[in-house]
There are 2 protein chains.
Amino acid sequence: MPATIYDIARQAGVSSSTVARVLRGDTKGDRKDSAERAARIRQIADSLGYRPNLRARAFSEQRTKGVGLLYTDDAWVFEGVNDKVLQGLVRELRKHDHHLLLVPVDEGGDWEELLLGGHVDGCVTFQPLSEPVRNGIRQAALPCVLLGDNSDCDLPHIVVDDVAGSYSAARHLIALGHRRIGLYVHNTVKPHCSIQERFQGFETAMTEEGLEPNFWHCSEDEMISVLTRGGARPTGLICYSDLESTLIGHAMWQYGLKIPADLSLIGFNDKFATKYMTPPLTTVGFDANQIGTLGAELIIRSLTSDGLSEDQPPTSIQVKTQLIVRGSTAAPPKNA
Amino acid sequence: MPATIYDIARQAGVSSSTVARVLRGDTKGDRKDSAERAARIRQIADSLGYRPNLRARAFSEQRTKGVGLLYTDDAWVFEGVNDKVLQGLVRELRKHDHHLLLVPVDEGGDWEELLLGGHVDGCVTFQPLSEPVRNGIRQAALPCVLLGDNSDCDLPHIVVDDVAGSYSAARHLIALGHRRIGLYVHNTVKPHCSIQERFQGFETAMTEEGLEPNFWHCSEDEMISVLTRGGARPTGLICYSDLESTLIGHAMWQYGLKIPADLSLIGFNDKFATKYMTPPLTTVGFDANQIGTLGAELIIRSLTSDGLSEDQPPTSIQVKTQLIVRGSTAAPPKNA
DNA sequence: CTGAAAGCGCTAACAT
DNA sequence: ATGTTAGCGCTTTCAG
């Protein structure tokens with residue numbers, strides 16, 4: 001039903017190639033007669049409401065201009081600030097005439113056909129890829145960019161400067177006078193490079209001061225029991241993300257304990273709602289939108305450079321963090 | 001580079017159609033020789049690592065099995081519980097061998113080619129569509145399903161029972177003894193059917209009791225000034241969404257006012273974090289995931305029924321709400 | 001600068 | 001049941 005270049009060609013009395021060229025803007029218009037002809041072709045195309053058939057084009061060009069967002073964990077995709085990453089990603093992809101597909105790649109996801117059947121030209125991901133997925137995209141030679149993850153060093157990636165982020169968080173607490181400080185990761189958090197790196201920055205700051213870098217990877221109940229026990233309890237807690245901050249802040253409130261009077265709390269990610277917590281959360285922020293934007297640029301680059309320049313190491317970009325001091329941190333209690 | 005059905009056909013000494021049929025499972029295998037041949041074909045396909053080329057298939061079948069999620073407002077897509085809707089949507093689409101594309105359709109979105117060029121077979125949306133978009137999908141005869149929106153009655157849609165939700169919220173406050181109750185919508189909220197409907201349920205409950213249904217559509221500062229003024233201030237506030245609850249709850253805290261002692265607060269949507277607010281938020285919840293699941297079914301149905309049965313009115317599904325009573329509501333202050 | 005023609009890989013109608 | 005053939009609509013040589 002929709003008009004094709006052949007319809008236009010027939011009406012204009014020219015060949016389909018001419019139509020294609022004119023519509024693509026490939027005709028210089030040096031000669032007057034061809035300029036006129038081009039104008040007429042464009043006018044006919046308009047009157048017919050012509051639109052290039054993207055399926056045909058994809059078939060012919062052997063690419064869809066589609067990028068798949070690979071994920072295994074529903075919650076993760078929209079967790080924390082990943083929504084902002086996504087926004088930046090989609091917007092930047094659109095600027096380059098590409099689009100984003102959501103592709104769950106877990107067990108039942110039935111992702112193989114979609115991903116390896118050539119319906120996307122490349123992919124990005126927030127999480128470490130499972131072995132089958134990694135093998136799949138490798139065999140299909142599908143370009144892939146890691147966003148906020150560096151689990152595969154062979155792939156270009158964008159990471160947050162987690163080390164510096166947690167270092168600054170720890171430094172902030174130390175400067176306030178805290179000595180017993182811990183890093184808390186909820187036990188449901190999936191393995192991710194940022195866990196180690198956030199620990200590393202934290203550890204560095206602590207050992208610089210001769211302090212012990214306490215680390216907990218457990219349920220919130222266990223964490224709370226640590227926080228509410230007797231004298232040696234931590235007075236400052238750095239959370240792996242704003243999720244932990246939310247849970248801990250809430251539990252403390254339930255126990256009738258005050259933040260920051262009884263515990264100084266620091267989050268990570270600076271997601272929207274943390275500003276409105278009671279008290280507002282001191283947290284480590286970064287430009288999440290930029291991760292998406294840069295990621296889009298990287299994947300577009302891989303898609304554009306026709307497999308040339310294979311030899312250089314994959315690009316690695318680091319996004320800076322910034323400590324945002326709000327109301328959830330203060331000097332430790334006197335008696336501590 | 002990847003193997004095609006022709007490669008397989010050549011190796012097996014059969015025609016490409018036979019390969020295609022076997023691979024599609026269209027061969028009954030009644031006769032022994034064909035069963036054997038089918039097995040051999042499958043084996044060759046395996047050894048060649050054959051995968052159907054989805055671009056070619058899309059071209060031939062004249063469809064991509066892609067569904068576009070249309071949106072104009074970045075924040076909205078991931079706002080509130082829309083992330084859950086999205087999860088349900090993607091998962092259910094995958095079950096039916098379809099996938100989801102993120103398609104911003106605002107001014108600079110450059111959406112026309114993608115949407116009208118046949119790169120998606122249908123679309124869904126959370127928000128009222130702009131005039132150009134509506135015209136576009138109408139002309140392209142692109143099936144479209146509205147999720148949590150009914151701005152276009154000609155389109156199948158899934159809505160939340162907002163009327164009942166806000167009615168139950170108001171009833172809850174009335175039962176607690178409140179008389180001065182208001183409904184608050186933040187001024188940045190985009191026009192949406194749920195605003196009117198939430199007002200309607202609220203209004204019904206109030207007028208049943210001869211109470212005045214106060215309504216505010218303003219910035220949080222203005223709202224706060226109303227809440228903190230003298231004697232006639234509202235003692236109960238129903239918020240259009242959890243966003244307003246967050247802002248108001250925070251502002252009250254800043255003013256040194258207590259929830260629910262000084263103000264009973266009710267949210268809408270029951271997004272994850274509201275359970276962890278201080279105090280936990282009483283809110284109107286519903287099964288957001290189901291909106292996505294049902295939406296996927298509807299769009300799949302439109303895509304499958306080949307334009308038959310055009311005459312019946314578009315499907316309209318309503319998702320039920322449930323009031324979740326937590327700590328942010330209580331009897332009004334005595335002196336009020 | 002233009003036209004003719006091949007090709008992208010699969011589906012489906014038709015003939016055997 | 002299998003083979004033959006004609007599309008699907010665009011891009012891209014290759015001649016003219």
Side-chain angles (χ1 to χ4, degrees), chain A residues 1-42 45 48-65 97 113 116-119 121 140 306, chain B residues 1-42 45 48-65 97 113 116-119 121 140 306:
Chain A
M1 200 64 238
T4 71
I5 52 172
Y6 294 103
D7 299 327
I8 301 172
R10 197 169 340 106
Q11 276 204 32
V14 299
S15 77
S16 64
S17 348
T18 302
V19 174
R21 268 188 293 256
V22 167
L23 261 29
R24 195 185 328 142
D26 242 24
T27 307
K28 300 211 181 54
D30 283 354
R31 282 195 299 205
K32 186 159 163 251
D33 58 338
S34 30
E36 278 168 6
R37 174 155 36 184
R40 197 155 51 84
I41 288 173
R42 267 187 277 266
L48 256 37
Y50 171 78
R51 282 193 187 287
N53 181 318
L54 260 32
R55 291 183 305 266
R57 182 175 284 173
F59 179 48
S60 177
E61 292 186 334
Q62 316 219 59
R63 59 170 185 161
T64 61
K65 301 196 176 179
D97 193 26
E113 188 165 283
L116 308 178
H119 218 313
D121 302 337
D306 315 298
Chain B
M1 199 63 239
T4 71
I5 52 172
Y6 294 103
D7 299 327
I8 300 172
R10 198 173 335 109
Q11 275 203 34
V14 298
S15 78
S16 63
S17 351
T18 303
V19 174
R21 269 189 291 257
V22 166
L23 261 28
R24 198 185 327 145
D26 243 22
T27 307
K28 300 212 179 54
D30 284 352
R31 283 193 299 206
K32 190 162 160 246
D33 60 336
S34 27
E36 278 169 5
R37 178 156 33 184
R40 199 155 50 83
I41 287 172
R42 267 187 276 266
L48 257 38
Y50 171 78
R51 281 189 188 290
N53 182 319
L54 262 32
R55 291 184 303 267
R57 183 174 284 174
F59 179 48
S60 178
E61 292 187 333
Q62 316 220 61
R63 58 170 184 162
T64 60
K65 300 194 177 181
D97 193 27
E113 187 164 285
L116 308 178
H119 219 312
D121 303 338
D306 314 300

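Just the heavy atoms: all of them, side chains too, but no hydrogens, waters or symmetry mates, feed the values below. Letters A, B, ... mirror the listed sequences (proteins, then strands); counts begin at 1.
- If you check every strand for non-hydrogen atoms under 4.0 Å, R37(B) touches sugar and phosphate atoms only.
- You'll find a donor-acceptor pair under 3.5 Å spanning the side chain of Y6(A) and the base of dC10(D), going by distance alone.
- Between the P atom of dC10(D) and the CD atom of Q62(B) lies a distance of 11 Å, rounded to the nearest Å.
- Residue Y50(B) has a polar side-chain atom (N or O) positioned under 4.0 Å from OP1 or OP2 of dC10(C).
- Not one N or O on the side chain of R57(B) forms a donor-acceptor pair closer than 3.5 Å with the backbone of P52(B).
- Atom NE2 in H119(A) sits roughly 15 Å away from atom P in dG9(C) (whole-Å rounding).
- Closest heavy-atom contact between H119(A) and T64(A): O-OG1, 3.0 Å.
- When the nearest nucleotides of DNA chain D are assigned to G13(B) and F59(B) by heavy-atom distance, the more 5′-ward of the two goes with G13(B).
- Along DNA chain C, the nucleotide nearest to R21(B) and the one nearest to P52(B) differ in position, and the one closer to the 5' end is contacted by P52(B).
- Among the protein residues, T18(B) comes within range of the sugar-phosphate backbone only, with heavy atoms under 4.0 Å from sugar or phosphate atoms but none that close to a base.
- In this structure, N53(A) atom CG and dC8(D) atom P are separated by 11 Å, rounded to whole Å.
- Distance from the side chain of S60(B) is smallest for dG9(C) among the nucleotides dT2(C), dG9(C), dC10(D).
- Side chains of Q62(B) and R55(A) form a contact here, defined as non-hydrogen atoms less than 4.5 Å apart.
- Look at CZ on R57(B): it is 10 Å from C1' on dG9(C), rounded to the nearest Å.
- Distance E61(B) CD to dG9(D) P: 14 Å, rounded to the nearest Å.
- Not a single donor-acceptor pair under 3.5 Å links the side chain of S16(A) to the backbone N or O of Y6(A).
- If you check dG7(C), dT11(C), dT4(D) against the side chain of S15(B), the one that comes closest is dT4(D).
- Rounding to whole angstrom units, CZ of residue R51(A) and P of dC8(D) are separated by 21 Å.
- Summarising the geometry, the separation between CG on L54(B) and C1' on dC8(C) is reported as 15 Å, rounded to the nearest angstrom.
- Distance check, rounded to the nearest 0.5 Å: CG of L48(A) to CD1 of I5(A) gives 12.5 Å.
- When the C1' atom of dC8(D) is taken as reference, atom CZ of R63(B) falls 14 Å away, rounded to whole Å.
- Residues V22(B) and A56(B) each lie close to DNA chain D; by heavy-atom proximity, the contact nearer the 5' end of the strand is made by V22(B).
- Looking at heavy-atom distances under 4.0 Å, S17(A) makes contact with a base.
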